[in-house]
Each structure stands twice: as structure tokens, then as C-alpha cells.
2 protein chains.
Amino acid sequence: MKKINALESDFDFKNCPVRKVLDRFGDKWSLLVLLILGKKETLRFNEINKAIGSDISQKMLTVTLRTLEADGFLIRTIYPEVPPRVEYTITNLGKSLVPLIDNLEQWAKSNMSAIEKSRDNFVKV
Amino acid sequence: MKKINALESDFDFKNCPVRKVLDRFGDKWSLLVLLILGKKETLRFNEINKAIGSDISQKMLTVTLRTLEADGFLIRTIYPEVPPRVEYTITNLGKSLVPLIDNLEQWAKSNMSAIEKSRDNFVKV
DNA sequence: CAGCATCCTGTAGGATACTG
DNA sequence: CAGTATCCTACAGGATGCTG
């Protein structure tokens, strides 16, 4: 798979920063959870679940939260009570992403309808 | 059901702008192709192919280019020659995304190594 | 050269049931 | 409440061969 002589400069796929971001946040839920936590700072499992709505499965919310925790985007705090209480708090690293997401959101609001229109016309042709 | 407060309301998944962006650019190759075309303006099929390297399959490059064309991010021009020549030119819409990608790239360069380190430590625990 | 047409596989993510 | 543990499926995307 790997070229030895790079006369034509191969793109370094593994080390591309943009690709790394997409690999981590191109999934279905990570950015959304970050956005929600960015607004509320700290939330419990079920609060995040309700904020997202009924679209996400419990399994995927757990997986998403664990991955975000592993990567340092949030902190998970378990309170040894009955019934258990677990709080998720966004970190500074997590917060640093919020402005970028806002940029994406603005761009999308400005251009997405034109894109969808273009796509519809293209199908017709 | 009546919404009591914002947190308990269901998130409007279908109409979330961020989600729309991810649905279109969360794939493996779209942003990369746009980045490459953003630098060169106009390129032929095989030029893009070589710029990406051997990682992408011919099929996926075709699919990616067609989707980008359908959405208005690039223009596909066929020259009726033998052998055929097809040129892909980025549009203004396509160019408008480049600064956002650059932001993502900068963020990734600043934070990605810390994230990967965090992730490695988390696995060990 | 710039592609289709096929076939095939890995895996993200959903559904469901159970629990400390 | 905040999860596990299984099972299951859709589909993104790769490999290969053929062609105007």
C-alpha cells in the first residue's frame, strides 16, 4: 500500500490533521454531546440523553461519553449513591472545540439549503 | 408532549446544521479532495488521484467527485478527446469551506497529540 | 484516461434484555 | 440511575475486471 519512491508527492493520510479530526468527530454523536455540554457545563447521563432526544441509543451514548472522556474532552464523576449519580463535565479542551463547531454551524446555515437544492437538481438531470 | 425546559426537549436531529455538515463531510474523502482542489483550482482525475496517493480506490474517488459536483462544490468539464480528459474545478462555494478546514487543521495541530496521549493513558488504566 | 459494474467485507450503530 | 451484554443489520468503502 505504501509507495517507496515519492516522485509524485503522496498525501500523508495517517498524519493529516484534518483527517484525524474527522476520524474522531465524524461519528454520529460526539460533536453533538460536546455542544450540549458546552452550554450546560455539567450534566448527568439521563440529562444528556434527554437533551439529545430519542434518537440515540443508550449504548451509543455510553460509548460516545467514554470516548470523549478517554480523549480528555470531558470528566466523568461517579457519586457512590443509591441510585447512582454520574456527572459529565466538559474540560477546557472540550470547550476549545465549541467555537469551531459554531463556525461550522454558521457556514451550514448560510449554505446548506443551496447545496441541497443543487443536489436535487443534479439528480433530476 | 409538552416541553418543560430546553434540556428536556428533543433535539431536532434532522435539521441540525452541524449534523448536516457532518453527514456530508464526515465521509473519508470529500474534505480532502476539496482541500487539494482549493490549492490547485483545476485538476484532472488522475492528478487528484495521485495527489491523494494510493490510499483511495478509483471507485471512491469517482463517487466523491460526483457527490461534490452534485452539491455544487466543483464543476466537472469533459473534453471530448481521445483519450478523454476530464477536469475538476472548485467553485466559490467549495472555496468558502477552505478557511473552515484550515481552522480545523490548526486546532488539530495544536491539540491532537495531547488527545492521543490522553487516549493511550486511558486505555492503560 | 476516466470511468462503470460487481462482488465482498468490516464495522458503526440500533434493538432488546438484564443489573448493581 | 446508569449502565452491561448480545445480537443483528445497513451501508461505506475496498478489490477486481471490463470499456468507450
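So that the names make sense, note that chain A is the first sequence line, chain B the second, and so on, each numbered from 1. What you are looking at is a predicted structure, and each value in this text was computed from that prediction instead of being measured.
- Checking W29(B) against T62(A), the closest nucleotide of DNA chain D that is more toward the 5' end is the one next to T62(A).
- The closest donor-acceptor contact from the side chain of R19(B) to the backbone of K28(A) lies under 3.5 Å.
- At least one side-chain nitrogen or oxygen of R66(B) sits closer than 4.0 Å to the OP1 or OP2 atom of dC4(C).
- Using a 4.5 Å cut-off on side-chain heavy atoms (C-beta onward), V21(A) and V18(A) make no contact.
- Contacts of D27(B) with the nucleic acid, taken as non-hydrogen atoms under 4.0 Å apart, involve only primed sugar atoms and P, OP1 or OP2.
- Remark: R85(B) is not in phosphate contact with dG3(C), judged by side-chain N or O atoms under 4.0 Å from OP1 or OP2.
- Distances shorter than 4.0 Å separate some side-chain N or O of R44(B) from OP1 or OP2 on dA2(C).
- The side chain of Y88(A) places no N or O atom within less than 4.0 Å of a non-bridging phosphate oxygen (OP1 or OP2) of dC1(D).
- You'll find that the side chain of M60(B) is closest to dG13(D), out of dG14(C), dC1(C), dG13(D).
- For the pair L65(A) CG and dA2(D) P, the computed distance is 11 Å after rounding to whole Å.
- Between the side chain of R119(A) and the backbone N or O of T67(B), no donor-acceptor pair lies under 3.5 Å.
- Where I56(A) and K59(B) each meet DNA chain C at their nearest nucleotide, the meeting point lying more 5' is that of K59(B).
- Across all strands, E81(B) comes closer than 4.0 Å to no nucleic acid atom at all (heavy-atom distances).
- One atom, CG of L61(A), and another, P of dC1(D), lie 14 Å apart when rounded to the nearest Å.
- When rounded to the nearest whole Å, the span between CD of Q58(B) and C1' of dT6(C) equals 15 Å.
- dG14(D) atom P lies 10 Å from atom CD1 of I52(B), rounded to whole Å.
- Regarding K28(A), its NZ atom lies at a distance of 19 Å from the P atom of dT11(C), rounded to whole Å.
- For S57(A), the side-chain atoms get nearest to dG14(C) when compared with the rest of dG3(D), dG3(C), dG14(C).
- The distance between atom CD1 of I48(B) and atom C1' of dC1(C), rounded to the nearest whole Å, is 13 Å.
- Taking atom CG on D23(B) and atom P on dC11(D), their separation rounds to 13 Å, with Å as the unit.
- Between L61(A) and I48(A) the shortest heavy-atom distance is CD1-CG2, 3.9 Å.
- Taking the six-membered ring where the residue is Trp, Y88(B) and F45(B) present tilted rings, their angle falling between 30° and 60°.
- Among the protein residues, Y79(B) comes within range of no part of the nucleic acid, since none of its heavy atoms lies under 4.0 Å from any strand.
- In this structure, CG of L22(A) is placed 14 Å from C1' of dA12(D), rounded to the nearest angstrom.
- Comparing dC1(D), dG13(D), dG3(C) by their nearest atom to the side chain of P83(A) picks out dC1(D).
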